[in-house]
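The sequence lines fix the lettering, A, B, ..., with proteins before strands; numbering per chain opens at 1.
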Number of protein chains: 2
Amino acid sequence: MNKPVTIKDIARKFKCSPSTVSRALNNHPSINEDTRRNLQEYAKKVGYQRNQVSLSLLNTRTASIGVVVPTINNYYESAIIEGIESVLHPKGYTLNICVTNEQYLLEAEYIVKLLSNRVEGIFLSVSQETYDCGYYEHLENISKRNLPLIFIDRDFEGFAAGSVTVDDYHGAYSAVKHLIDSGRKRIAHLKGPNGLTVTEHRFKGYTDCLIQHGFEVDDSLVINTNFRVESAPEPTRRLLDLKPIPDAIFGVNDQVAIGAMKVIRDKGLKIPEDIAIVGFDDFPISAFISPSLTSVCRPGRQVGEAAAQMFLNLQHQNPTSAKSNHIVLPSQLIVRESSVL
Amino acid sequence: MNKPVTIKDIARKFKCSPSTVSRALNNHPSINEDTRRNLQEYAKKVGYQRNQVSLSLLNTRTASIGVVVPTINNYYESAIIEGIESVLHPKGYTLNICVTNEQYLLEAEYIVKLLSNRVEGIFLSVSQETYDCGYYEHLENISKRNLPLIFIDRDFEGFAAGSVTVDDYHGAYSAVKHLIDSGRKRIAHLKGPNGLTVTEHRFKGYTDCLIQHGFEVDDSLVINTNFRVESAPEPTRRLLDLKPIPDAIFGVNDQVAIGAMKVIRDKGLKIPEDIAIVGFDDFPISAFISPSLTSVCRPGRQVGEAAAQMFLNLQHQNPTSAKSNHIVLPSQLIVRESSVL
DNA sequence: AATGAAGATGCAAACGTTTGAAATTTTTTG
DNA sequence: CAAAAAATTTCAAACGTTTGCATCTTCATT
């Protein structure tokens, strides 16, 4: 790793002052044309790259943004990040992406690090642990600095900050309504991990819809998963051991729904004849599997874009107003073969 | 956004010098016990966060790493990033993740930015455009600085640097061999975009295996896709219009394979009876769809881990030795229902 | 009481860049 | 040719932190 060429190095070489070099490289008008050209050529030749670190120190502006998410290893989360990126990159911002792996300790550590790196804003999708335990101390340093904080995907109701989420409640509601409308009477739910907003909102959409249509909520029809496809089969088997078996399963996401479908087929049951399936997230693949999967589409990219836009708007106004800024994007049911005869 | 509290602020408040504050906060032994306690308490109270930017400038060490990838919106790429993260985070590094969207211009811009931000190393999966055009000027500034550069996933043979890739060639070869061994005679390939190593290595594995087993390579059986599930149906239809139709399709990845499966089913053909299907990447979902998809597993997380480890090793040795460092991880065929009767 | 040794704190420089103001050089003008 | 104007360059300070060295206290030892 060679030491990078600095403005001082160039100044020494040309027997002029660093100011002159700096101005020449920035096309300052008061620099002599020849000087400018010579310096620029030389700078290019030796591969001079202006040191952004020193500039950040000088301007107390880093043009970087922290993004803290539990995982990036799935379609939806990474779509959010692409959304943020697509809005903020043209404005010159760099993203510092941190993956907490659903752990509070890592989340707290990353936030300290981001503050220490003087990011100009933080997008946070809180980890499951943070949620479960209601921790928020690590966030107080953010608000102490009055730094823009925007919750993405998962709103953290214990803490005042902006948020952009998807309307999980109505998405789930419409999924279950669709099943009821198709004549299903015994609708099971493969729930996500307890405590997460995403999980609970979908669960509430599920229960509310059942109740409002005169059904009872049967606890034995609700079983937890951890969102992953591998976590679906065992709970599904338990559902199929019930008498009578459910005639529909609403999965907390497409992965879980797909995991359930396999078990159902293996048991020799037919989808949708014996059991209807609905997922959530609308993975690109879901439209192509057999039977194609009815799912609730959740616009990850738009979440990212909206959050980034919220951040930009904050730059021009009172930053505390973020706290009253809550955007909820609609989710949309897409009906496919897995739920209709 | 409040101005962050600085060491100078604290010094002013306590009528002492910044040096004392700095030493107190760093538990320097020559600081009086009371002074230390008072200063630390106050610092905590006002939420002091040491300014990492100034430290970076002072030490010319930023502890940050650039990661440049064409997209993060899929399972494999994000697995790589998680792998890198898992190794480098414990060592105190921060990741700067940049998404090029397969565009050379963005890639070049990001690299300038990363150099300017004084990252200590760059992990790069070159964009398709860079590959197609053989551009490498943007990389020369990296080597001019003698900064560790490691190609991940896609090796860029035109340029000397370390690399960690997956053995796409033998993965593809084993997939096709499996099809030949199962008695398939007319094996089509849904290829990726031309020019990418990933695409071409898999393609070569396909053709070499065919030739070595006495088959001809029939151009009409090879059609391009863009890796996405949506890009598979149209080429697949063209394959099914051939007379005779192929009796097996090797997809460049699972998404394409799944896209093909849908078209085949829609035509009333049976998988694997009429046509066998093999994919690549082994998505978690692939084991759960029906029929479950035979696929070549590619260890994304391990790629990331190996690349990160390569970077760490470079710190303790001659950095130019990276250029002779090439790790190729094995891929593994996983046989499932879509290819065996 | 003088000497010296710890113990505690301050000074100043450094990292790389920018920028207002001052200084220098060159050009123009009367 | 002198004076003013314009063009070009340099100076110095600033951003926040660390750290070797110098300085200043305090206190014990002779």
Side-chain angles (χ1 to χ4, degrees), chain A residues 1-40 42-43 46-64 112-113 115-120 145, chain B residues 1-40 42-43 46-64 112-113 115-120 145:
Chain A
M1 207 158 76
N2 297 338
K3 224 189 276 161
V5 181
T6 72
I7 274 191
K8 285 182 182 175
D9 296 334
I10 301 179
R12 213 170 298 127
K13 181 88 180 180
F14 276 72
K15 295 190 173 54
C16 68
S17 74
S19 337
T20 304
V21 180
S22 169
R23 291 198 168 97
L25 298 183
N26 289 315
N27 290 314
H28 191 285
S30 77
I31 293 295
N32 181 281
E33 183 61 19
D34 289 345
T35 320
R36 193 179 63 73
R37 192 161 18 79
N38 287 335
L39 285 172
Q40 288 194 352
Y42 180 76
V46 296
Y48 170 78
Q49 301 275 0
R50 120 209 283 173
N51 186 331
Q52 187 59 46
V53 177
S54 75
L55 248 192
S56 295
L57 181 60
L58 189 61
N59 302 332
T60 53
R61 268 221 59 200
T62 54
S64 63
V112 167
K113 202 163 188 173
L115 288 173
S116 179
N117 280 327
R118 297 295 186 262
V119 294
E120 298 182 23
R145 284 269 316 276
Chain B
M1 209 158 77
N2 297 338
K3 223 190 275 160
V5 180
T6 71
I7 275 192
K8 285 182 183 175
D9 296 333
I10 301 180
R12 213 170 299 126
K13 181 88 180 178
F14 277 71
K15 295 190 174 53
C16 68
S17 73
S19 337
T20 303
V21 180
S22 170
R23 285 196 256 255
L25 298 182
N26 289 314
N27 291 313
H28 192 285
S30 78
I31 293 294
N32 181 281
E33 183 61 19
D34 289 345
T35 320
R36 192 178 63 72
R37 193 160 17 79
N38 286 336
L39 284 171
Q40 288 194 353
Y42 180 76
V46 296
Y48 170 78
Q49 300 275 0
R50 119 204 289 165
N51 186 331
Q52 186 60 46
V53 177
S54 74
L55 248 190
S56 294
L57 181 59
L58 189 62
N59 301 331
T60 54
R61 268 220 60 200
T62 56
S64 63
V112 167
K113 202 163 188 174
L115 288 172
S116 180
N117 280 326
R118 296 295 188 264
V119 294
E120 300 181 22
R145 283 270 316 278

Nearest heavy atoms of [X] and [Y], plus distance in Å:
X        : Y         : value
Tyr48(B) : Val5(B)   : CD1-O, 3.2 Å
Asp9(A)  : Pro4(A)   : OD2-O, 4.0 Å
Ala43(A) : Ile10(A)  : CB-CD1, 4.1 Å
Arg50(B) : Arg118(A) : O-NH1, 3.9 Å

- When you measure from every atom of DNA chain D, which of residues 15-29 of chain B have a heavy atom less than 4.0 Å away?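 Nucleic-acid contacts, sorted: Ser19(B), Ser22(B), Arg23(B), Asn26(B).
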- Which residue, Thr35(B) or Gln52(A), contacts DNA chain C at a nucleotide closer to its 5' end, judged by nearest heavy atom?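 Here Thr35(B) is the residue nearer the 5' end.
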- Kindly say if Ser30(A) contacts the phosphate of dT9(D), meaning a side-chain N or O under 4.0 Å from OP1 or OP2.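 For dT9(D), neither OP1 nor OP2 has a side-chain N or O of Ser30(A) closer than 4.0 Å.
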Could you tell me which residues satisfy side chain to side chain donor-acceptor pair (under 3.5 Å) with [X], sequence neighbours excluded, listed by chain and number?
X         : answer
Thr62(B)  : Ser64(B)
Asn27(A)  : Arg36(A), Gln40(A)
Ser116(B) : none
Asn38(B)  : none

- Have a look at Tyr48(A) and say if it touches a base, only the backbone sugar-phosphate, or nothing, with a 4.0 Å heavy-atom cut-off.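 Sugar-phosphate contact only.
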- Message: Using a 4.0 Å heavy-atom cut-off, does Leu55(A) contact any base of the nucleic acid, only the sugar-phosphate backbone, or nothing at all?
- Response: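 The answer is sugar-phosphate, as Leu55(A) gets under 4.0 Å only of primed atoms, P, OP1 or OP2.
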Under the side chain to side chain contact (heavy atoms under 4.5 Å, CB included) test, which residues partner [X], sequence neighbours left out?
X        : answer
Asn2(A)  : Asn146(B)
Lys8(B)  : Thr6(B), Arg12(B), Pro18(B)
Thr35(B) : Thr20(B), Ile31(B), Asn32(B), Leu39(B)

- Extract, from 5' to 3' on DNA chain C, the first and final nucleotides lying under 4.0 angstrom from some heavy atom of chain A.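 The contacted stretch runs from dC15(C) to dA21(C).
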- Going by number, which of residues 6-13 of chain B have a non-hydrogen atom under 4.0 Å from DNA chain C?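 Contacting residues: none.
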Tell me which donor-acceptor pairs under 3.5 Å the side chains of residues 52-60 of chain A have, and how far apart each pair is, sequence neighbours excluded?
| residue | atom | partner | partner atom | Å |
| --- | --- | --- | --- | --- |
| Ser54(A) | OG | Asn51(A) | O | 3.0 |
| Ser56(A) | OG | Gln52(A) | O | 2.9 |
| Asn59(A) | ND2 | Leu55(A) | O | 3.4 |

- Message: With each end axis built from five pairs of C1' atoms, what bend angle do you get for the helix from dA1(C)-dT30(D) to dG30(C)-dC1(D)? Round to 10°.
- Response: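 End-to-end axis angle for the helix from dA1(C)-dT30(D) to dG30(C)-dC1(D): 70°, rounded to 10°.
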